[in-house]
Amino acid sequence: MTEFDGVTTALGQALAKRGYTDLTPVQTAILAPELAEADVLVSAQTGSGKTVAFGLALAPTLLAGADRFDRADQPLALVVAPTRELALQVKRELDWLYEMTGAVSASCIGGMDMGRERRALNQGAHIVVGTPGRLRDHIERGSLNVGALRAVVLDEADEMLDLGFREDLEFILDSAPDERRTLLFSATVPRTIATLAKRYQRDAVRVKTTEERSQHGDIEYRALAVAPNDRENAIINVLRYYDAKSALVFCATRATVNHMTSRFANRGFPVVALSGELSQNERTHALQAMRDGRAKVCIATDVAARGIDLPNLELVIHADIPKTGETLLHRSGRTGRAGRKGVCALIVPHNMRNRTERLLKGANIEATWAKAPSADEIRARDHERLLADPLLTEPLNDEEQAFAAELLGRYAPEQIAGAFLRQQMASQSAPEELLDVDPANFSDRPDRGERKARRDAFQGGAWISVSVGHKHNAEPRWLLPMLCRAGHVTKKDIGAIRIFHTETFVELSADRAEQFIDALGPDMVMEKTVKVARVDGPPDVAADGSREARGKTYQGDRPGWDPQSAKRGDGPKKRKFNRRQEARDEARADAFNDDRPPPGDGGAPKPKGKKPHRGKGGPKGGPHGAAKGGAKSGNPGGHAPVKRKKPKKHFD
């Protein structure tokens, strides 16, 4: 049997039974003699064996020199984890590690039956594992007695603080005995963790490992440059290219998770979703499907996938770029665990290039920048996997040989091979055609030289006309993505966009114009009724930028506004823009089907100012108001009403 220095005999037997031959660096570091019975703050990479590490460190404190546990009257150890899946995973790890000691463990997890948890606690448990909110509920209800605790472990402490569990953690730690031992385990140690440790730990020893300060050697990081509208297609190609036994796709929101789950299921991928809106039963079934092999792709949010350990997880894809380096490390740490190799792929649109570079630099990660796998690369990879399939090299039994001879007698070998190939490829989703991007020249903020080169690229470019304009609420923010999708180009290939009343003129780079036209096809239609036509050159725009040249409906010539004349009072006032009035004028001009301004009403100009007071029940031309269009006494012009005070209202 393998001997492990510093490990309790019963736990050493469990490690040997599990197949352990060596301990990981973090497990070796925490077993140092000077750390016995000390409070520790441990930081190490995800997947480095932290759960087994604190299980080994707790044994001397809990057993107190004995080989086995007596019956538990009250819990001796409390382990707090941020998510339900991680808490259940920790409980499973501790169950096999303490199997030889006779320890009884219980779980207190949100979303589970609280009555069943209460009965398990009343029957006695040496180790209790749970989430912060549910543990606090049991303590407040009196079903969990923490008066005899010898140790408290906070696993993934940084994530619990990020999720807003500070108040619950402080309540749990304040309820525990002061002479307890406190162990904090975290992948990163930000200032909030250091503050928590200083308040609730006694002379805590900081434990670092050599691997913490270097890039995870078992994870290959790849940053894949894609066009913004090709993000989902790129994820499909990455899944097809690597064909991993298990893959995890991280999204930022639940809505994105639901959308991608639906699309990937339609494409034939065996996929499950994992988000906070699912019940515990649904989450358990999703993870079990991944472990059984019934599902190969799991699409999840950061919170839902925190701490889960999926066997044979070979690929992690970041559909949405994480906001912090800590999140990137935690996401990527789902693969490359326990000595297994893994790939971490970041899908990077061109407008996220600089931010992604800063993120990788802050996380001390060196990623390989490349293009997303193309359709041709995926087909070549499929052929390599098919030729290396062990089914082609395994010897045939007597029954198979007889049937193979019958097949060769009926069909040609090429026909049989073709049928085998079609059968193998029928279950595979077809790869997507992606826009060609250059990762080496792929930035969302080009320098001055690049901007000049881009302007030069449009010298002699082509112009097209699109059948939407101001009348159809055309805006560059939705025109540009539509042009990129329909013409298989990027925004760098599109120059000036000039929007007129009923149409829009778009400038294309000289080397992409023909590709754009070919992508549209003979109908020259982008989406629905949006049509495209080639034009000889840029639109004619008057030098003075008049309303007619800008595509607005012509409203007639008006005298120009002169600030000096306006100051003297002998010139027209500066006209204020009124969107509603402009819309009414254009509608009336269109109704006359003429570019001239609509005819006037023929009457006198409408008087300005307040309307004259009209007495209750009095006629319009009575003593309290003049007849319509008439003049007031003392006001022969009739253009401005006489201001009258409103009569006071008397109440009885």
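Position 1 is the first residue of the sequence; numbering continues from there.
T324 meets the side-chain contact (heavy atoms from CB on, under 4.5 Å) test with E326, T327; sequence neighbours excluded. Remark: Y241 engages no residue in a ring-ring contact (aromatic ring centres under 6.0 Å, His included) (not counting sequence neighbours). With sequence neighbours left out, H259 forms a side chain to side chain donor-acceptor pair (under 3.5 Å) with E232.
Taking 4.0 Å as the cut-off between side-chain N and carboxylate O, E514 and R534 count as a salt-bridged pair. The pair D382-R379 does not count as a salt bridge, with every side-chain nitrogen at least 4.0 angstrom from each carboxylate oxygen. Note on R381 versus E377: no salt bridge recorded, every NZ/NE/NH1/NH2 to OD/OE distance being 4.0 Å or above.
Under the side chain to side chain contact (heavy atoms under 4.5 Å, CB included) test applied with K296, the options V271, L239, D243 reduce to a single match, D243. A side chain to side chain contact (heavy atoms under 4.5 Å, CB included) with T261 is found for exactly one of N266, I299, V272, namely I299.
How far OG1 of T356 is from CG of N354: 8.5 Å, rounded to the nearest 0.5 Å. For the atom pair H318 NE2 and L346 CG, the distance stands at 4.5 Å (nearest 0.5 Å).
Between R240 and F269, some side-chain heavy-atom pair lies under the 4.5 Å cut-off. The shortest distance between side-chain heavy atoms of I494 and F516 does not fall below 4.5 Å.
Of the N and O atoms on the side chains of S509 and D511, at least one donor lies less than 3.5 Å from an acceptor on the other residue. With no hydrogens or angles considered, no side-chain donor-acceptor pair links Q515 and D493 at under 3.5 Å.
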I365 vs I219, side-chain contact (heavy atoms from CB on, under 4.5 Å): CA-CA, chis, key distance, verdict: CA-CA 10 Å; I365 292 175; I219 301 178; over 6 Å; no
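Classification of the F505-F500 ring pair by plane angle, with boundaries at 30° and 60°, yields perpendicular.
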